[in-house]
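Below you'll find the structure, written out as structure tokens, and then a few comments.
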Number of protein chains: 2
Amino acid sequence: MNKKDKIAEVTFSLALKCGFDNVSLNQIEDTGNVTTGAIYYHFKDKNDILKYIVEMYILKEIENFKKILKNYKGTPLEKLRFTFYYHVGLNIGDHSDILELSDKTNVDYKQHHLLLTSVYYQHQELRNLFHNMNLEIFKFYKELIEESIEKKEIRSDINSEDLAIYLFTIFKGFIELSTVFPKFTLKKFIETNLELIFENIKK
Amino acid sequence: MNKKDKIAEVTFSLALKCGFDNVSLNQIEDTGNVTTGAIYYHFKDKNDILKYIVEMYILKEIENFKKILKNYKGTPLEKLRFTFYYHVGLNIGDHSDILELSDKTNVDYKQHHLLLTSVYYQHQELRNLFHNMNLEIFKFYKELIEESIEKKEIRSDINSEDLAIYLFTIFKGFIELSTVFPKFTLKKFIETNLELIFENIKK
DNA sequence: GTCTATAAAATGATAGAC
DNA sequence: GTCTATCATTTTATAGAC
């Protein structure tokens, strides 16, 4: 791995623990065995590292996932279940040659979600990147629904945009809920919601 | 308002904009016309202000809301709609004599949600307070459902705990979604979801 | 209880050698 | 491209007067 990605990787890894703004250059230098000089050669300033991380580690995710889902065979509900589980598994790296996280197994979806939310909050200059990402996810759900309607796998008397909103809401909801509400397991959240979603979309 | 609450209020107001950790004591002093001396007389350290804010401004919310909903007459769906709209309206102050926000109208539910999430993320010492809050909300939904089943207003062949998870998920989901996804209005998110919820709970 | 002055540490960033 | 040394600011927090 080149130095630039090394810096990004170690910063990402540190940021996951307590937020990007709470990671100091000193920490990055000590943990990653890099020096101030290297950092400021590759990046304009500290926030430039964040921008690079967001673009490299986060925004590529959906494109990758779409490719993966293309090869996945199953009913709409199975595809949805796969989607939900895939995203909380955060299989970064397993299917991607862009990302080179050396510690792939340790990316926790809760920390990942919290980091994204905090970055969105505290770095308004990056918000458009997130808006575009969410638009992509929305389109993904809508296409999944329209395809299923075409194949007559689910009921057709319902607006695909509304259903996409509904699915997206539940997706965001159980991630958020399982993050800040440890009473139940993630599996419980996903399966309970899938069951009620199914009641709504079956023919 | 006494000095302690003045400090808390101005800190809360500043924190809403870009996160608690990004507010400096200097900012608090300048904005609130208070001095270092006053701050450290009333609070142990900076994080002690946050703890006070969380306890005063956030955790009391549910208790207040429960009281309000008791006086609200309507069907379960109407109660749910009221709940959803109430919480994004964040009617802090309108019904509470505990809170004394001088700038009540400016509390934006998106900023409020982002602040809570960031605080949860970056201040692990406060997580238990949030867990308890979420448990209270969960119990609220569960009781609403059980009451509705008893009154035979909704279908009874469904587990009240599962339905509570479902409602809570959607609540968390549309808050999160409308915060980071400006394509649609909040009203669109709420109404679309309510419609599909209704399909699930009607007799 | 509230003030000012100041300490002590940490932070992001730059300069210049190699 | 990478290093070390250092600057300039800002930060939280304390001390002591009133």
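Only heavy atoms go into these numbers, but all of them, side chains included; no hydrogens, no water, no symmetry mates. Below, chains carry the letters A, B, ... as their sequence lines are ordered, and counting in each starts from 1.
For T35(A) and dT2(D), the shortest distance from a side-chain N or O to OP1 or OP2 is not below 4.0 Å. A close approach under 4.0 Å does not occur between any side-chain nitrogen or oxygen of S24(A) and OP1 or OP2 of dA10(C). Of the side-chain N and O atoms in N26(A), none sit less than 4.0 angstrom from OP1 or OP2 of dA10(C). The shortest distance between the side-chain N/O atoms of Y41(B) and the OP1/OP2 oxygens of dT2(C) is not below 4.0 Å.
Look at CG on D5(B): it is 13 Å from P on dG1(C), rounded to the nearest Å. If you take OH of Y40(B) and C1' of dA5(C), they are 15 Å apart, rounded to a whole angstrom. Rounded to an integer number of Å, the gap from N22(B) CG to dT11(C) P is 14 Å. A straight line from CG of L25(A) to P of dC7(D) spans 18 Å, rounded to a whole angstrom. Protein atom CG of L50(B) is 15 Å distant from nucleotide atom C1' of dT12(D), rounded to whole Å. Look at CG on D48(B): it is 14 Å from P on dT12(D), rounded to the nearest Å. Taking atom CD1 of residue I28(A) and atom C1' of nucleotide dT2(D), one finds them 17 Å apart after rounding to whole Å. Atom C1' of nucleotide dA13(C) and atom CG of N47(A) are separated by 13 Å, given to the nearest angstrom.
Closest approach to the K3(A) side chain among dC3(D), dA13(D), dA13(C) is made by dC3(D) (side chain taken as heavy atoms from C-beta onward). The side chain of A38(B) sits closest to dC3(C) out of dT12(D), dC3(C), dG12(C). When each of dT4(C), dT12(D), dA13(C) is scored by its nearest atom to the side-chain atoms of T36(A), the top-ranked nucleotide is dA13(C).
Figure legend: cation-pi geometry between K79(A) and Y72(A) absent, as NZ or CZ is not positioned both under 6.0 Å from the six-membered ring centre and within 45° of its axis. Geometrically, K142(A) does not engage F168(A) in a cation-pi contact, judged by NZ or CZ lying under 6.0 Å from the ring centre and within 45° of the ring axis.
Heavy-atom contacts from other residues, nucleotides or ligands closer than 6.0 Å to CZ of F198(B) number 12 or fewer.
The residue among K4(B) and K46(A) whose nearest nucleotide of DNA chain C is located toward the 5' end is K4(B). If you find the closest nucleotide of DNA chain C to K44(A) and to Q27(A), the one lying nearer the 5' end belongs to Q27(A).
Checked against the 6.0 Å centroid threshold, F171(B) and F140(B) do not count as a close aromatic pair. Under the 6.0 Å cut-off for aromatic ring centres, H113(A) and Y121(B) do not qualify, their centroids lying 6.0 Å or more apart.
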